[in-house]
Amino acid sequence: MPSLPPVPTVDAFLAAARRAVDDPSPQDAMRALLDATVRSLHAEGRRWIEHDDDELLLTSSPRLTVYHIALSPRIQYPPHDHRVPAMIGLYDGAETSFSYRRNGSALVRTARHDHEAPCVAALPADAIHSVVNMGDARSAAIHVYFGDLTVVDRSIWDADGREERAFDNRFYFEQARRP
């Protein structure tokens, strides 16, 4: 079995992610970086970053935003969009993502995607999804967005997918609930 590359420090990963965004094929370069990082982190079997909140912003710039996400168990977060392509590198635990499509002002659930670490999932810019960690412990993932997610005008829906509004992080956590 081939040996895995060492787990990068946060700073080394962010530097590599910035280079990947500048690559002629940024999504391919980012996918390769996340695949290697996720496999190494999963094999190491410990958290890359420890934090109490579910999300920790690592960097944001006009072309790149990176979060470390550690979802609480048995909490479903409401449907939302990103309006930029995204990649999620899940290195610990499992998560379920539900895809939606618009039906007038409401949403209709169209698919369920179950992800188990180690894996990398890509979301197109037009994706609308919600996520839940169905496990008994916090999951851990690196979320990469190809743009400045902190300033993008995007949408969030109430937990039932009936009411669309401008994305608001406080509302996002208020709408989170047990499935």
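Model, not experiment: these values are computed from the prediction.
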>> According to ring pair (Phe, Tyr, Trp, His ring centres under 6.0 Å), does anything in residues 11-64 pair up with another residue at least two apart or in another chain? List the pairs.
In response: Phe13-Trp48, His51-His68

> Are the side chain of Asp160 and the backbone of Arg162 linked by a donor-acceptor contact shorter than 3.5 Å?
Replying inline: no

> Which residues pass the side chain to side chain donor-acceptor pair (under 3.5 Å) test with Arg177, sequence neighbours left out?
Replying inline: none

>> Does any part of the side chain of Asp54, heavy atoms only, come nearer than 4.5 Å to the side chain of Arg138, both counted from C-beta?
In response: yes

>> Using the salt bridge (Lys or Arg N to Asp or Glu O under 4.0 Å) criterion, which residues pair with Arg74? Sequence neighbours excluded.
In response: Asp136

> Which residue pairs pass the side-chain hydrogen bond (donor to acceptor under 3.5 Å, both in side chains) test when at least one of the two sits in residues 112-122, sequence neighbours left out?
Replying inline: Thr96-Asp114, Ser99-His113, Arg112-Asp114

> Which residue pairs pass the salt bridge (charged side-chain N to carboxylate O under 4.0 Å, His left out) test when at least one of the two sits in residues 83-97, sequence neighbours left out?
Replying inline: Arg47-Asp92, Asp81-Arg83

>> Within the 4.5 Å heavy-atom criterion, are Thr65 and Thr59 side-chain neighbours or not?
In response: no

> So do the side chains of Thr110 and Phe98 get within less than 4.5 Å of each other, counting heavy atoms only?
Replying inline: no

>> Do Leu58 and Leu14 have side chains that approach each other closer than 4.5 Å (heavy atoms only, starting at C-beta)?
In response: yes

> So which residues get pulled into Ile88's cluster when ILVMFWY side chains under 4.5 Å apart are joined, directly or through others?
Replying inline: Leu123

>> Just to verify, what does Ala106 make a side-chain contact (heavy atoms from CB on, under 4.5 Å) with, not counting sequence neighbours?
In response: none

>> Determine whether Asp35 and Arg31 satisfy the following criterion, salt bridge (Lys or Arg N to Asp or Glu O under 4.0 Å), listing intermediate values before the conclusion.
In response: CA-CA 6 Å; Asp35 280 339; Arg31 178 69 180 235; 3.5 Å; yes

> Listed by chain and number, what are the salt bridge (Lys or Arg N to Asp or Glu O under 4.0 Å) partners of Arg19, not counting sequence neighbours?
Replying inline: none

> Heavy-atom count around Asp22 CG within 6.0 Å, excluding the residue itself: above 12?
Replying inline: yes

> If you link I, L, V, M, F, W and Y whenever their side-chain heavy atoms are under 4.5 Å apart, who else ends up in the same group as Leu57?
Replying inline: Tyr67, Ile69, Leu71, Ile75, Tyr77, Val84, Val131, Tyr145, Leu149, Val152, Ile156, Phe167, Phe171, Tyr172, Phe173

> So, does Asn103 use its side chain to make a donor-acceptor pair with the main chain of Leu107 at under 3.5 Å?
Replying inline: no

> Taking only residues two or more places apart in sequence or in another chain, which ones pass salt bridge (Lys or Arg N to Asp or Glu O under 4.0 Å) with Arg102?
Replying inline: Glu164

> Do His82 and His129 come within less than 4.5 Å of each other through their side chains, counting heavy atoms only?
Replying inline: yes

> Any donor-acceptor pair under 3.5 Å linking the side chain of Asp11 with the backbone of Ala15?
Replying inline: no

>> Going by salt bridge (Lys or Arg N to Asp or Glu O under 4.0 Å), name the residues that satisfy it together with Arg165, two or more places apart in sequence or in a different chain.
In response: none

> Is the backbone of Ser25 close enough, under 3.5 Å, to the side chain of Asp23 for a donor and an acceptor to pair up by distance?
Replying inline: yes

> What residues form a side chain to side chain donor-acceptor pair (under 3.5 Å) with Arg178, not counting sequence neighbours?
Replying inline: none

> Would you say Val66 and Ile49 are hydrophobically clustered, going by side-chain heavy atoms of ILVMFWY under 4.5 Å?
Replying inline: yes

> Would a 4.5 Å heavy-atom cut-off, applied to side chains only, mark Tyr91 and Pro118 as touching?
Replying inline: no

> Is there a chain of hydrophobic side chains (I, L, V, M, F, W, Y, each step under 4.5 Å between heavy atoms) that links Leu41 to Leu90?
Replying inline: no

> Are Gln27 and Met87 close enough that some pair of their side-chain heavy atoms sits under 4.5 Å apart?
Replying inline: yes

